[in-house]
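This structure is a prediction, so every number in the text was calculated from the model and none was measured.
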Amino acid sequence: MTAITNEYLGDILLREVNKDIEVHRASKNNFLAHQNFPCATDAELLDFIQTIPYFDVSVKDFLLGNLPEVTIIISQAWELEFLKRTRQWAESFEWLHGNDYFLSDAHINGLKKGGASLTLPY
C-alpha cells in the first residue's frame with residue numbers, strides 16, 4: 001500500500017496524454033497549440049479527465065482536487081488498473097479523433113456500459 005496525491009496521478013495522465021497529443025489536436029484542427037505548447041495544456045488535460053469513461057466521479061473529483069482528501073492509499077493493483085484505463089482512453093479513437101459526437105455525454109455513457117468504472121480504493 002502506498003500513499004499518493006492527485007499530482008502523482010496527474011503526472012501519469014500527462015505522460016500518457018502527451019504520447020499522442022498531436023493526433024488529438026489535429027482532430028480538433030488545433031495546430032497553433034502544438035507550436036506554443038509541446039505538451040498537453042491544462043485545458044486538454046482537464047478535457048481528458050472529464051471525458052474518460054473508465055473513471056467514476058470520485059476518481060475524477062480526486063484528480064481535479066474537488067475532494068477534501070489530499071492523499072489516498074492505493075495498492076499496486078489499483079495503480080496498475082489506473083494506468084491501464086488511462087492508456088485505454090489515451091489510445092482510443094474517441095479521444096484521439098473525437099469530434100463533438102464521440103466526446104458527447106451520450107457516446108461516453110455508452111462506453112461506460114462496457115464495464116465498471118474505476119473507483120477510489122476506499
Side-chain angles (χ1 to χ4, degrees):
M1 302 300 247
T2 304
I4 54 98
T5 64
N6 64 347
E7 290 177 4
Y8 175 80
L9 295 177
D11 288 344
I12 292 172
L13 290 172
L14 191 59
R15 276 194 309 272
E16 293 302 317
V17 170
N18 281 336
K19 289 179 182 178
D20 293 313
I21 193 63
E22 298 86 13
V23 176
H24 175 74
R25 288 175 177 162
S27 74
K28 303 222 176 290
N29 295 319
N30 191 1
F31 297 104
L32 185 60
H34 177 66
Q35 294 173 354
N36 295 324
F37 302 102
C39 297
T41 64
D42 289 343
E44 289 167 329
L45 195 55
L46 177 62
D47 187 38
F48 183 85
I49 292 168
Q50 290 175 331
T51 59
I52 189 169
Y54 310 119
F55 296 161
D56 81 349
V57 173
S58 64
V59 174
K60 291 178 182 186
D61 281 343
F62 181 72
L63 290 168
L64 297 172
N66 295 337
L67 297 178
E69 294 88 356
V70 292
T71 61
I72 58 172
I73 306 295
I74 63 166
S75 65
Q76 185 176 16
W78 190 93
E79 184 176 4
L80 290 173
E81 192 63 27
F82 178 88
L83 180 58
K84 174 184 156 190
R85 291 172 188 232
T86 299
R87 281 187 181 148
Q88 185 177 0
W89 185 240
E91 296 170 355
S92 72
F93 179 86
E94 288 84 359
W95 170 253
L96 291 176
H97 304 286
N99 55 25
D100 291 337
Y101 167 73
F102 286 117
L103 296 177
S104 71
D105 288 339
H107 186 74
I108 299 299
N109 288 335
L111 292 174
K112 289 180 184 178
K113 292 180 183 175
S117 297
L118 183 66
T119 62
L120 288 180
Y122 56 86

Taking atom NZ of Lys84 and atom OG1 of Thr86, what is their separation to the nearest 0.5 Å?
11.5 Å
Please work out which of the three classes, parallel, tilted or perpendicular, describes the rings of Trp89 and Trp95, given edges at 30° and 60°.
tilted
One should read off an interatomic distance between Ser58 OG and Asn66 CG, to the nearest 0.5 angstrom, of 11.5 Å
Count I, L, V, M, F, W, Y as connected when their side-chain heavy atoms are under 4.5 Å apart, and connections chain through other members. Are Leu13 and Leu64 then in the same cluster?
yes
Test your reading of the model: is there a side-chain donor-acceptor pair from Asn6 to the backbone of Phe62, 3.5 Å cut-off?
yes
Do Ile21 and Leu46 sit in one hydrophobic cluster, given that two such residues count as connected whenever their side-chain heavy atoms are within less than 4.5 Å of each other, even indirectly?
yes
Could you tell me the separation between the CG atom of Leu63 and the CZ atom of Phe48, rounded to the nearest 0.5 Å?
10.0 Å
Do Glu44 and Arg25 sit within salt-bridge range, that is, some charged N less than 4.0 Å from a carboxylate O?
yes
To the closest 0.5 Å, what do you measure between CD (Glu81) and CZ (Phe55)?
9.0 Å
So CG of Leu120 and NZ of Lys60: to nearest 0.5 Å the spacing works out to 12.5 Å
Using a 3.5 Å distance criterion without hydrogens, assess whether the side chain of Asp56 forms a donor-acceptor pair with backbone atoms of Val59.
yes
Kindly compute the distance separating CZ (Phe82) from CD1 (Ile12), expressed to the nearest 0.5 Å.
5.5 Å
For atom CD of Glu7, is the number of surrounding heavy atoms from other residues, nucleotides or ligands below 6.0 Å larger than 12?
no
